[in-house]
Amino acid sequence: MTLRIYNTMSGSKEEFQPIEPGKVRLYVCGITAYDYCHIGHARANVVFDVIFRYLKRLGNEVTYVRNFTDVDDKIINRAKELKIDSCELAKRFMAAFSEDMARLGCESPSVEPKATENIPQIVAIIRTLIDKGLAYEADGDVYFSIEHFPGYLKLSKRNMDEMVAGARIAPGEQKRNPMDFALWKAAKPGEPYWDSPWGPGRPGWHIECSAMSMRYLGSSIDIHGGGKDLVFPHHENEIAQSEGATGQPFARYWIHNGFVNINQEKMSKSLGNFFTVREVLEKYDPEVLRFFILSAHYRSPIDFSDKNLEDARHGLTRVYEALQALEEVLETQAGSVIPETELTGEDEMIWQPAARLEEDFRAAMDDDFNTAQALGHLFEAVRVVNRVLSDRRFETNRHWLKRLAAAREGILRCGQVLGLFQTKPGSWLERLKDAGLGESGLSKEAIEALIEERKAARAARNFPRADAIRDELAAKGIILLDSPQGTTWKTK
RNA sequence: GGCCCCGUCGCCAAGUGGUAAGGCAGAGGUCUGCAAAACCUCCAUCACCCGUUCAAAUCGGGUCGGGGCCUCCA
């Protein structure tokens, strides 16, 4: 089995072969730090977090670089509005981003470089480009000359004539060709600047990624990723700059994730219909959001809505409840003395989906990181586990306990790649309960008191009263669960 | 206008030539004083049309519908 990845450059799935076997160089475009990140950022970063984890699971040594853009027009403008230092502003939102990503269960990349800490590297590349005749200086600005780079538009597959016809030169720009783009921007009064051979200024929009990718990963890397919207012009320009400067292929595989829609419409800053990760996490458990993101293939659009998030919560709960039941049985049965016999052929058939889980999971992930299908396999395994758990056949044949323990391991191992199911089931379920409690307007104490009252009513066989209590709580979203050990509750 | 993507059960979502995974919701059953959970059973022929093929949701052509990029954006 080999990993196949959809490469935007070729427009098809290709077998993944890193430049150096066993090592993967991965670069993903990070955020511009001028605002809290939204669920589109959440999706992109969760998707690449899973890719990072899976590549490691496959035995690769992965260097994952994700940059921060900490100097840029948007940052400068926002800082001006807020009357604070642009550097401070960037720092604040970089910290917020890291917090959000941690809550979403994303691992830290190997390196998280900042544009402002790579100015010498940026200047060096620009200088090379000028020397090679691929860039020119004009009034303190430096522009990349696209007509001298033959491969331009090979990633986005656009038509140059059409593009040129539609392009405009903004006031104050000194471009020779409307499609040329800035590598270096001269500083206006009051703007942050760095000294350069062309005078004080700051890097253009795309050059930082070329510089940081080359600095940390070398001139050719394996995977370069980002959102679909970065294909043009950002990634196209990165290719032009990088390959123009080094003469080497910049990246072998280009991976782009799809958008998050709100009510079937693209979520975007300009439309103003975006939710920040923070807002969403006030209402939903971070793992629910993560599960929701992974329930679709990374290239498909996903539609964000309360209904979809609630469905995701129910699905995730199903897994955690199975995991908890599994844990309980495994603990209580650990010391019991029961016979152990081989499973029959029929038993093996029943057990199949669980036995094959890791193999199926891998096949799904190998197929362009198909997390939706991988989750399907996980649920198949969960059903088998529940089945074995409910008919209690493990009480007569110890062999089943071993199988259950193995299934638990398998589910957790797969979950680890997805960054799911890693919380202790009991505490996750408890957390969910606490969150649901907020909506009911009830306190734990009030619920416990009603449970006590109902217990007494039941003991007196006053079932009408007992049922009235059940109904009353149910109306507020609290569900009572009777068991031989007593009554517990959970939220709907 | 150019380039690109999508249309699969009530909702979400896999499947991209060999006869439709999974989740949520729903119906019936087992369990329960009643419930819940869980389990069992049931629940789609893949927008439409025309082709290619022994065989198509999957390939080609067309129609209708939806969306994206081309300007900052994950």
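Residue numbers begin at 1 in each chain, while the letters A, B, ... track the order of the sequences. No hydrogens, no waters, no symmetry mates; every other heavy atom, side chains included, goes into these values.
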S.K.: Looking at B/rC39, I'd like to know if its phosphate oxygens (OP1 or OP2) sit under 4.0 Å from a side-chain N or O belonging to A/Asn386.
M.R.: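 For A/Asn386, the contact criterion (side-chain N or O under 4.0 Å from OP1 or OP2 of B/rC39) is met.
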S.K.: Any N or O donor-acceptor pair under 3.5 Å from the base of B/rC73 to the side chain of A/Lys228?
M.R.: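 No pair found.
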S.K.: When you measure only distances, ignoring hydrogens and angles, does the side chain of A/Asp229 come within 3.5 Å of the base of B/rG68 through a donor and an acceptor?
M.R.: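 It does not, because no donor-acceptor pair links the side chain of A/Asp229 to the base of B/rG68 below 3.5 Å.
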S.K.: For A/Phe259 and B/rG68, say yes or no: do the ring centres fall under 5.5 Å of each other while the ring planes differ by less than 30°?
M.R.: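 A/Phe259 ring does not meet the centre or angle cut-off for B/rG68; no stack.
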S.K.: With distance as the sole criterion, do the side chain of A/Asp72 and the base of B/rC72 form a donor-acceptor contact below 3.5 Å?
M.R.: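 Donor-acceptor pair under 3.5 Å: no.
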S.K.: Using atom C1' of each nucleotide, how far apart are B/rG15 and B/rC46 to the nearest Å?
M.R.: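 To the nearest whole Å, 10 Å.
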S.K.: So, does A/Trp489 get its side chain near the phosphate of B/rA36, meaning an N or O under 4.0 Å from OP1 or OP2?
M.R.: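 Answer no for this pair, as no side-chain N or O of A/Trp489 is under 4.0 Å from OP1 or OP2.
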S.K.: From the options B/rA21, B/rG33, B/rA74, select the nucleotide whose nearest atom is closest to the side chain of A/Phe463.
M.R.: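 Minimum distance to the A/Phe463 side chain belongs to B/rG33.
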S.K.: Quiz question: going by heavy-atom distance under 3.5 Å, is there a donor-acceptor pair between the base of B/rG33 and the side chain of A/Arg458?
M.R.: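 Side chain to base: pair present.
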S.K.: When the P atoms of B/rC54 and B/rC48 are considered, how many whole Å apart are they?
M.R.: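 So the two P atoms sit 24 Å from each other.
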S.K.: Among B/rC39, B/rG33, B/rG22, which is the nearest nucleotide to the side chain of A/Ala466?
M.R.: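 My answer, after comparing the listed nucleotides, is B/rG33.
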S.K.: What is the pairing partner of B/rG65, taking Watson-Crick or G-U wobble pairs with both distances under 3.5 Å in any strand?
M.R.: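 When the pairing criteria are applied, B/rC6 turns out to be the nucleotide that pairs with B/rG65.
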S.K.: Quick one: the side chain of A/Arg158 and the base of B/rG1, do they pair up donor-acceptor inside 3.5 Å?
M.R.: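 In this structure, the two groups form no donor-acceptor pair.
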S.K.: Quick one: which of B/rA14, B/rG10, B/rA74 gets closest to the side chain of A/Lys307?
M.R.: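 Among B/rA14, B/rG10, B/rA74, the one nearest the side chain of A/Lys307 is B/rG10.
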S.K.: Quantified in whole Å, what is the P atom distance between nucleotide B/rG51 and nucleotide B/rC11?
M.R.: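 It works out to 31 Å between them.
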S.K.: With rounding to the closest Å, how many angstrom separate the P atoms on B/rA47 and B/rA36?
M.R.: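 It comes out at 37 Å once rounded to the nearest Å.
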S.K.: Scan every strand shown for a Watson-Crick or G-U wobble partner of B/rC72, both distances under 3.5 Å, and answer none if you come up empty.
M.R.: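 Base partner found: none.
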S.K.: Which residue, A/Ser300 or A/Phe48, contacts RNA chain B at a nucleotide closer to its 5' end, judged by nearest heavy atom?
M.R.: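 Nearest-nucleotide comparison on RNA chain B picks A/Ser300.
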S.K.: Give the nucleotide from the list B/rC39, B/rG15, B/rA13 with an atom nearest to the side chain of A/Asn370.
M.R.: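 Taking heavy atoms from C-beta onward, the closest nucleotide is B/rG15.
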S.K.: Determine the contact category for A/Asn308: base if any of its heavy atoms lies under 4.0 Å from a base atom, sugar-phosphate if only primed atoms, P, OP1 or OP2 are that close, otherwise nothing.
M.R.: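 Here A/Asn308 touches the backbone only, sparing every base.
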S.K.: Checking contacts here: which listed nucleotide (B/rC72, B/rA74, B/rA38) is nearest the side-chain heavy atoms of A/Lys74?
M.R.: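 Of B/rC72, B/rA74, B/rA38, B/rC72 is nearest to the side chain of A/Lys74.
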S.K.: Among the candidates B/rC11, B/rC39, B/rA35, find the nucleotide nearest to the side-chain atoms of A/Asp482.
M.R.: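 When the side chain of A/Asp482 is considered, B/rA35 is the closest of B/rC11, B/rC39, B/rA35.
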S.K.: Could you tell me which nucleotide pairs with B/rA38 by Watson-Crick or G-U wobble geometry, both distances under 3.5 Å, or answer none if nothing does?
M.R.: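 In the structure as shown, B/rA38 has B/rU30 as its Watson-Crick or wobble partner.
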S.K.: Has the side chain of A/Arg43 got a donor or acceptor atom sitting under 3.5 Å from an opposite partner on the base of B/rA74?
M.R.: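 Check fails, no donor-acceptor contact within cut-off.
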S.K.: When you get a sec, tell me which of B/rG2, B/rG15, B/rG33 is the closest nucleotide to the side chain of A/Gln373?
M.R.: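 Selected nucleotide: B/rG15.
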S.K.: Nearest to the side chain of A/His297, heavy atoms from C-beta on, is which of B/rA38, B/rA14, B/rC3?
M.R.: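 The answer is B/rA14.
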S.K.: Among B/rA25, B/rC73, B/rC40, which is the nearest nucleotide to the side chain of A/His314?
M.R.: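 Nearest to the side chain of A/His314 among the choices is B/rA25.
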S.K.: Would you mind telling me which of B/rA74, B/rG23, B/rC69 lies closest to the side-chain atoms of A/Phe232?
M.R.: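 Nearest to the side chain of A/Phe232 among the choices is B/rC69.
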S.K.: State whether the distance check finds a donor on one side and an acceptor on the other, under 3.5 Å, for side chain A/Arg470 versus base B/rC34.
M.R.: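 Donor-acceptor pair under 3.5 Å: yes.
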